[in-house]
Protein chains: 2
Amino acid sequence: MMNEDSAPSDGGLPIAAVERETGIPKDLLRMWERRYGFPQPARDAAGDRLYSAEQVGKLKQVRRLMDLGFRPGKLVGQSMAQLEALAQTHTPARVVPDVCAGLIDALSGHDALAVRELLRHRLFELGLRHFVCDFLAAANQLVGEAWMRGELRVHEEHLYSEEVKRVLRETLAGIPAGPQSPRVMLTTCPGELHLIGLLMVEALLRLAGCDAIAFGAQMPLSDIASAARKHRVDVVVLSFSAAYEASPQADAALLDSLLPDGVELWLGGSGCRGLKRLPPRATLLTLERLDACVSLWRELHPPAIAV
Amino acid sequence: MMNEDSAPSDGGLPIAAVERETGIPKDLLRMWERRYGFPQPARDAAGDRLYSAEQVGKLKQVRRLMDLGFRPGKLVGQSMAQLEALAQTHTPARVVPDVCAGLIDALSGHDALAVRELLRHRLFELGLRHFVCDFLAAANQLVGEAWMRGELRVHEEHLYSEEVKRVLRETLAGIPAGPQSPRVMLTTCPGELHLIGLLMVEALLRLAGCDAIAFGAQMPLSDIASAARKHRVDVVVLSFSAAYEASPQADAALLDSLLPDGVELWLGGSGCRGLKRLPPRATLLTLERLDACVSLWRELHPPAIAV
DNA sequence: TTTCATTTTTGTACAGGACAAACATTTGAC
DNA sequence: GTCAAATGTTTGTCCTGTACAAAAATGAAA
């Protein structure tokens with residue numbers, strides 16, 4: 001165990017380590033070797049596979065491209081350079097916004113304090129709304145892409161999200177949930193662990209004076225429905241990251257049948273870009289559109305005279 | 001995927017689901033079946049294994065006992081009742097502390113607000129120190145055990161930790177890092193995602209007036225060392241949960257060689273209970289002992305007159 | 001265009017054999 | 001009697017090769 005982790009300097013990584021590194025199951029690694037001839041790892045004295053760093057790198061690249069929709073059969077045959085070119089082509093060549101300058105550096109320096117200070121500085125400079133809509137939106141994408149490209153490691157991506165959550169939470173603690181309608185409940189579906197998007201929406205809703213109630217992540221759909229009923233919310237906000245495994249579509253459809261009448265469903269996050277055939281009560285949310293959504297809701301639901 | 005998770009009502013769980021549920025690798029499940037005759041799952045039309053709920057339950061119980069040091073050969077032959085008796089004997093028969101009353105109920109009700117309010121109420125009632133040392137310590141163990149026993153589901157356990165983190169962070173935001181020595185840096189090793197323990201220690205350190213710097217989770221050891229140097233910390237605190245896969249022992253040994261002279265290493269969390277042969281600079285930390293550790297450090301390091 | 005059926009690709013499961021690391025036990029020296 | 005080395009067992013992981021079903025692509029018909 002020690003050997004495996006601390007001495008990748010030797011011949012190579014055993015198959016279990018490669019599974020952890022790349023997320024590709026052992027069985028599948030062996031299958032690819034037989035079917036495509038790649039990877040073709042060296043063997044140790046006992047005949048066990050030892051994957052070289054290059055092979056692991058290519059495997060990671062292949063997996064990244066598979067996440068983009070490519071099939072393995074088309075990928076494994078290509079050289080690393082070709083794969084990188086492919087990745088280039090299919091990664092929207094975005095200009096790094098000025099606001100994000102220094103972020104990647106701070107992250108790869110593993111300096112939590114520097115990251116936090118950078119975030120706080122931007123927050124102070126831009127104000128909460130622009131911090132969320134301009135800075136964080138760009139930064140999330142930047143970090144996500146860097147991670148996909150293999151330029152950031154897990155713990156660096158983790159550092160980013162931890163610090164963003166920390167700063168957002170600290171800030172939110174200072175803005176109490178407003179008394180105004182609509183009353184909004186925020187959560188994610190089971191399997192969806194990413195909370196940043198949710199916190200961003202929460203911040204904007206608070207700024208708009210809404211009565212935003214943040215539930216944690218991963219609520220079973222039936223519980224979302226019952227909580228919506230119990231807390232008499234007007235809107236349920238769900239966030240789906242790009243990494244969400246299940247189908248936001250299916251979740252929306254199921255929730256549609258579970259939620260009480262009159263409750264709206266707002267779906268946000270990169271995981272539900274381009275969704276179609278949503279139930280009528282569901283709306284796609286973007287950060288830009290959020291204020292408009294709230295205004296629209298208020299127009300359609302004028303405060304009752306009595307009550 | 002959907003089927004697998006949402007319809008455990010049918011014949012049983014496939015082997016991959018059992019691996020996830022129990023943490024026992026597929027290969028090992030098949031090996032046990034061959035060697036010990038347990039578990040002997042049913043088969044579906046295609047000949048694939050389908051494990052019954054009872055089998056999965058027994059597997060979980062076996063794994064729990066293995067974590068306590070038993071060997072599988074002695075366990076698999078026994079009946080569930082015998083296993084439970086064994087577990088009883090070797091689980092310090094803890095009474096559910098009064099402070100934790102209602103927590104499990106709130107969690108299984110999936111009511112994030114109720115959980116949060118319960119936590120806040122306890123925090124207010126007990127004060128931060130007792131909240132951390134008495135309530136959270138007990139609650140963590142309670143939740144951990146309930147999860148091991150299969151009484152809580154992933155998202156319920158997740159709800160707990162999210163809410164605890166939220167409350168602790170909100171509270172910590174109100175207590176700035178003290179100016180006093182020692183200057184302490186908090187983090188976890190790569191692979192260790194659990195942050196609650198770290199936040200608890202951070203809270204106690206802040207109360208003691210220490211200059212506690214919380215880094216996020218998962219710092220590579222070499223980065224810990226360089227950050228310690230850069231920030232001139234006096235003490236590095238590492239937290240290991242019981243779920244930590246690698247060896248805290250090895251981590252400590254490696255860090256020992258990397259850290260600058262004079263920097264102490266405090267190790268805490270259930271993952272390092274009963275560690276032996278630690279390097280001399282390493283100390284085992286418990287919540288109870290923390291204040292004593294700080295005082296001891298201060299005695300041994302009287303503030304310099306100049307500087 | 002959309003919808004359905006067919007073929008290809010891809011992932012996961014199986015069996016049974018081998019071996020080495022972890023653990024337990026015995027033996028021998030001090 | 002205590003410690004340490006040698007021996008024997010138990011246990012986990014990896015190997016080969018095969019089979020099959022779910023998913024994706026393709027092509028035909030509406």
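Below, chain A is the first sequence line, B the second, and so on; all start at residue 1.
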(Q) Run the side-chain hydrogen bond (donor to acceptor under 3.5 Å, both in side chains) test against A/Gln82 and tell me which residues pass, sequence neighbours left out. (A) A/Ser79

**Q.** By side-chain hydrogen bond (donor to acceptor under 3.5 Å, both in side chains) - contacts of B/Glu157 (at least two apart)
**A.** none

Q) Ignoring hydrogens and angles, are the base of C/dG11 and the side chain of A/Arg30 linked by a donor-acceptor pair under 3.5 Å? A) no

Rounded to the Å, how far apart are [X] [atom1] and [N] [atom2]?
| X | N | atom1 | atom2 | value |
| --- | --- | --- | --- | --- |
| B/Asp27 | C/dG16 | CG | P | 14 Å |
| A/Leu29 | D/dT16 | CG | C1' | 16 Å |
| A/Arg43 | C/dA18 | CZ | P | 17 Å |
| A/Leu75 | C/dG11 | CG | P | 10 Å |
| A/Ile24 | C/dT10 | CD1 | C1' | 13 Å |
| A/Leu13 | D/dT13 | CG | P | 17 Å |
| A/Phe70 | C/dT9 | CZ | C1' | 17 Å |
| A/Lys26 | C/dC14 | NZ | P | 15 Å |

Q) Quick one: what's the B/S/- string for nucleotides 7-12 of chain D, heavy-atom cutoff under 4.0 Å, read 5' to 3'? A) ----BB

**Q.** Residue-level proximity of residues 48-57 of chain A to DNA chain D when a heavy atom falls under 4.0 Å
**A.** A/Asp48, A/Arg49

Can you list everything that forms a side chain to side chain contact (heavy atoms under 4.5 Å, CB included) with [X]? Sequence neighbours excluded, please.
| X | result |
| --- | --- |
| A/Met80 | A/Lys58, A/Gln61, A/Glu84 |
| B/Asp223 | A/His110, A/His155, B/Met219, B/Pro220, B/Ser226 |
| B/Tyr36 | B/Trp32, B/Pro72, B/Val76 |
| A/Glu264 | A/Val235, A/Trp266, A/Thr283, A/Trp297, A/His301 |

Q) Looking only at heavy atoms, what is the nearest atom pair of B/Arg49 and B/Pro41, with distance? A) CG-CG, 3.2 Å

Listed partners of [X] passing ring-ring contact (aromatic ring centres under 6.0 Å, His included), at least two apart:
| X | value |
| --- | --- |
| A/Tyr51 | none |
| A/Phe215 | A/His231 |
| B/Phe240 | B/Tyr244 |

(Q) If I take atom CG from residue A/Leu193 and atom NE2 from residue B/His158, how far apart are they, to the nearest 0.5 angstrom? (A) 4.5 Å

Q: Between A/Gly69 and A/Ile15, name the one whose nearest nucleotide on DNA chain D is closer to the 5' end.
A: A/Ile15

Q | Helical bend (five base pairs per end, nearest 10°) for the helix from C/dT1-D/dA30 to C/dC30-D/dG1 | A | 30°

